[in-house]
There are 2 protein chains.
Amino acid sequence: MGEKQARNTQEWSVSLAKGPQPENSKRKPGAVGLGRAKVTINDIARLSGVSKKTVSRVINNSPQVREETRKKVKAIILEHGFTPDPQARALALRRSYLVGMIYDNPSPQYIVNMQRGILDVLSDTSYQLVLRPCDRTDYDFYEKIETFITLQKPYGVILTPSVSEDEDLANMLREMKCDYVRIASVELDKPTKMVRTHDFKGAAQAAQHIASLGHERIAHIHGPNTFRSAHQRRHGFEHGLEICGLKLAKSLTLEGAYTFDSGYECAQKLFAMKSPPTAVFAGNDEMAVGVYQAARQVGMQVPKDITIVGFDDTPVASRVWPPMTTVRLPIRDMGRAAASLLLNPHDEDRPENFKDGEIISFEPELIVRGSTARISKK
Amino acid sequence: MGEKQARNTQEWSVSLAKGPQPENSKRKPGAVGLGRAKVTINDIARLSGVSKKTVSRVINNSPQVREETRKKVKAIILEHGFTPDPQARALALRRSYLVGMIYDNPSPQYIVNMQRGILDVLSDTSYQLVLRPCDRTDYDFYEKIETFITLQKPYGVILTPSVSEDEDLANMLREMKCDYVRIASVELDKPTKMVRTHDFKGAAQAAQHIASLGHERIAHIHGPNTFRSAHQRRHGFEHGLEICGLKLAKSLTLEGAYTFDSGYECAQKLFAMKSPPTAVFAGNDEMAVGVYQAARQVGMQVPKDITIVGFDDTPVASRVWPPMTTVRLPIRDMGRAAASLLLNPHDEDRPENFKDGEIISFEPELIVRGSTARISKK
DNA sequence: CTGAAAGCGCTTACAG
DNA sequence: CTGAAAGCGCTTACAG
């Protein structure tokens with residue numbers, strides 16, 4: 001049996017001067033000695049007067065090292081700016097320092113924000129973010145991911161909706177012993193393996209807001225049925241309406257694809273009806289912008305003739321005119337949370353605000369802007 | 001001296017059945033044997049009755065292998081679905097299979113499109129795309145990238161504007177023997193190391209279009225002076241105006257930051273002038289959308305009161321109302337070109353449409369939509 | 001054209 | 001608490 005070692009979650013960034021620097025100290029390329037890269041565990045071992053294995057123990061924070069030894073080795077490591085070679089570690093550990101982001105969300109804004117959040121955590125570490133877009137309808141969808149995992153042996157992967165909701169995939173990852181964190185709108189895994197958003201609540205807020213403005217003919221364009229978030233948002237919306245004594249009409253509930261074009265097309269159908277809705281809640285901002293477009297094309301003014309609410313609060317929401325009322329999801333924060341969960345699966349390493357054994361979750365917030373107004377009397 | 005070997009540009013995707021598949025053949029996870037991953041070069045050597053080294057030669061397309069031997073080994077490789085372990089190769093070669101995308105462009109749409117283009121080429125290969133956002137104003141900007149390169153030893157990196165224009169960085173990469181491809185609006189490297197866009201021409205087209213509509217008080221919000229593209233677009237715009245007998249007024253030329261907010265702020269200044277411009281050419285779409293916003297805030301209608309032209313043709317251009325006239329840059333195609341240049345630096349491997357010794361370049365195209373109109377007589 | 005040996009920079013068992 | 005040996009899966013010299 002091997003000895004017990006603390007999981008290596010500590011980061012070995014190259015020991016560079018940190019913290020604020022005088023203005024004029026901006027380093028020029030080449031200022032750092034080229035020799036630095038060559039320092040290996042052997043050098044450190046020799047210089048510290050210990051074996052490679054002991055250096056390895058220090059690197060990996062093994063408790064099995066005398067405090068004195070540890071200090072000595074750490075000092076040498078710092079002095080020489082040694083960083084273990086990720087490729088060598090990967091080969092020996094059969095696990096690389098890559099963190100995969102597996103996504104199939106069609107909204108570019110969602111993707112970019114998520115990447116930013118993950119990168120916030122990975123930057124200045126040895127971990128690298130690698131991108132893995134995918135398509136659940138591909139015949140070799142599982143195979144491609146399986147190949148990626150077996151070949152690259154990523155440290156872990158982060159899954160965003162809707163691919164995060166695929167139980168077959170989660171099972172496959174588990175079987176392959178690949179760590180993962182799923183981001184989803186429903187509780188579908190243990191707290192150490194997921195970050196949750198309460199889409200249901202957010203949509204309910206949207207409903208209550210719309211209802212409070214006096215609307216009654218209210219439409220909903222939801223996301224694809226293959227997305228749990230689409231269901232959560234729809235049910236939350238229905239729930240919110242019910243509280244206000246309203247009901248979501250079947251004829252005014254259309255399925256979109258979370259894309260601009262689908263939002264546009266669904267809205268065209270809605271506006272062509274004999275008695276069109278006076279308010280539309282779209283399942284995400286992309287589709288909501290499509291609704292704006294369709295409204296303009298038929299001469300309807302937002303919000304005078306039509307009230308529109310989106311979901312996500314991606315940048316586009318505040319760039320359209322009038323600025324869109326939407327439900328904010330802190331996507332970047334979610335990415336950050338997912339990444340730190342992946343790197344620090346143990347409670348003690350977790351940020352303080354996350355309680356033991358509870359799923360890290362984010363509450364959406366209704367952002368009221370200019371696309372919603374009291375229904376105009378006709 | 002080592003023997004000569006063809007550079008390994010061929011890809012070793014796991015040998016799965018390719019091509020169209022019957023509808024019902026969608027593989028379930030786990031359908032692929034778990035044993036597959038364990039096949040190593042030793043197994044292949046043993047099964048082929050040759051040495052590891054010969055298998056290695058076959059993998060690396062060395063010409064120093066008898067045709068018969070090569071066929072035999074290739075057959076075994078195919079049969080067992082062997083793919084060389086990227087981590088092991090990385091360790092031996094001191095070069096990983098990671099392709100870094102180094103970017104500081106503030107436009108999310110630009111980033112996502114670029115990523116897509118690069119991924120188009122990398123998918124189904126052993127190469128992985130890793131993200132490296134950066135900030136040229138960081139005091140340790142070079143250091144961070146240097147650390148990334150020495151630690152991860154990427155196969156190569158792709159640089160987008162403006163970081164692509166940093167000569168110190170390019171020199172550093174060269175010294176570090178790190179392959180790179182730069183995407184830029186000016187010719188700043190040899191043909192094998194860059195992909196070029198003719199922003200100058202695109203901006204000139206925009207100018208001629210605006211001039212042809214009778215505008216004379218024309219403003220330009222250009223990108224940051226630290227971006228070569230900003231200069232190219234500005235000079236191209238000036239050039240186009242000159243051809244039409246017009247001149248760009250200094251007082252109507254403002255510097256933005258390629259962001260929505262900066263476009264908005266610059267436009268506010270323009271519209272507050274005693275005699276505001278009747279047309280604005282923004283250096284990119286993000287800023288142009290800011291101009292839309294500012295126009296609306298002061299009650300100006302697009303295009304009746306103000307003509308607006310953007311640059312890039314990112315999705316947002318067709319999502320605003322009215323749809324924006326803009327200069328299209330095929331960003332995804334550029335990403336694709338950059339990636340294949342990096343993986344196939346030799347002419348013979350290059351796509352046919354790229355001639356020998358010439359820089360791969362893309363011509364922008366003016367997309368006329370609804371944000372430009374003939375000047376209204378007052 | 002082919003192979004046996006040594007090495008890339010780490011870690012895992014095993015022993016003390 | 002510490003270390004010598006073997007190994008992760010490849011490739012580079014070198015030799016034939």
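FYI, side chains are in, hydrogens and waters are out, and symmetry mates aren't considered; it's all heavy atoms of this structure. Note on naming: letters A, B, ... go to the chains in the order of the sequence lines (proteins, then strands), and numbering restarts at 1 for each one.
In this structure, the CG atom of B/Asp85 is 18 Å from the P atom of C/dC8, given to the nearest Å. Distance B/Arg46 CZ to C/dT2 C1': 19 Å, rounded to the nearest Å. One atom, CD1 of A/Ile44, and another, P of D/dT2, lie 17 Å apart when rounded to the nearest Å. For the pair B/Lys53 NZ and C/dA4 P, the interatomic distance rounds to 13 Å; values are reported in whole Å. Atom-to-atom, CD of A/Gln87 to P of D/dT11 comes out at 14 Å; the value is rounded to the nearest Å. For the pair A/Lys153 NZ and D/dG9 C1', the computed distance is 9 Å after rounding to whole Å. The nearest whole Å value for the distance from the CD atom in A/Glu67 to the P atom in D/dT2 is 10 Å. Between A/Arg95 atom CZ and C/dC10 atom P there is a gap of 18 Å when expressed in whole angstrom units.
Few gaps surround CD on A/Glu167; more than 12 heavy atoms of other groups in view lie less than 6.0 Å from it.
Residue B/Thr54 places at least one side-chain N or O under 4.0 Å from the OP1 or OP2 atom of C/dG3. Contact annotation: B/Arg66 side-chain N/O to C/dT2 OP1/OP2 distance is under 4.0 Å. Of the side-chain N and O atoms in B/Ser51, none sit less than 4.0 angstrom from OP1 or OP2 of C/dT2. For C/dT2, the OP1/OP2 oxygens have a side-chain nitrogen or oxygen of B/Thr69 closer than 4.0 Å. For D/dG9, neither phosphate oxygen OP1 nor OP2 lies less than 4.0 angstrom from any side-chain nitrogen or oxygen of B/Asn42.
Picking from C/dA6, D/dC8, D/dC1 the nucleotide with the shortest atom distance to the side chain of A/Ala92 gives D/dC8. Here the side chain of A/Ile59 is nearest to one of D/dC14, D/dC10, C/dT11, namely C/dT11. The side chain of B/Ala88 lies closest to D/dG9, out of D/dC14, D/dG9, D/dG3. Considering only side-chain atoms of A/Ser56, the nucleotide from C/dT11, C/dG3, D/dT11 that sits closest is C/dT11.
Taking 4.0 Å as the cut-off between side-chain N and carboxylate O, B/Lys71 and B/Glu68 do not count as a salt-bridged pair. Under 4.0 Å is where a charged nitrogen must lie from a carboxylate oxygen, and between B/Lys52 and B/Asp43 no such pair does. The residues A/Asp179 and A/Arg95 are annotated as salt-bridged, a charged nitrogen and a carboxylate oxygen being separated by less than 4.0 angstrom.
When base pairs are accepted only as Watson-Crick or G-U wobble with both N-N or N-O distances under 3.5 Å, DNA chain D takes part in stems of 3 or more pairs at C:1-3 with D:14-16, C:5-12 with D:5-12, C:14-16 with D:1-3.
Checking B/Val65 against A/Leu93, the closest nucleotide of DNA chain C that is more toward the 5' end is the one next to B/Val65.
Taking the salt bridge (Lys or Arg N to Asp or Glu O under 4.0 Å) definition, one finds that A/Arg132 meets it with nothing, sequence neighbours left out. The salt bridge (Lys or Arg N to Asp or Glu O under 4.0 Å) check on A/Lys153 picks up B/Asp85, with sequence neighbours excluded.
Not a single donor-acceptor contact under 3.5 angstrom links the side-chain atoms of B/Arg94 to the base of C/dG7.
Judged by distance alone, with hydrogens and angles left aside, the side-chain atoms of A/Gln64 form no donor-acceptor pair with the main-chain N or O of A/Thr54 at under 3.5 Å. Using a distance-only test at 3.5 Å, with no hydrogens or angles considered, no donor-acceptor pair links the side chain of B/Ser96 to the main chain of B/Ala90.
Within 4.0 Å of B/Leu91, counting heavy atoms only, lies at least one base atom of the nucleic acid.
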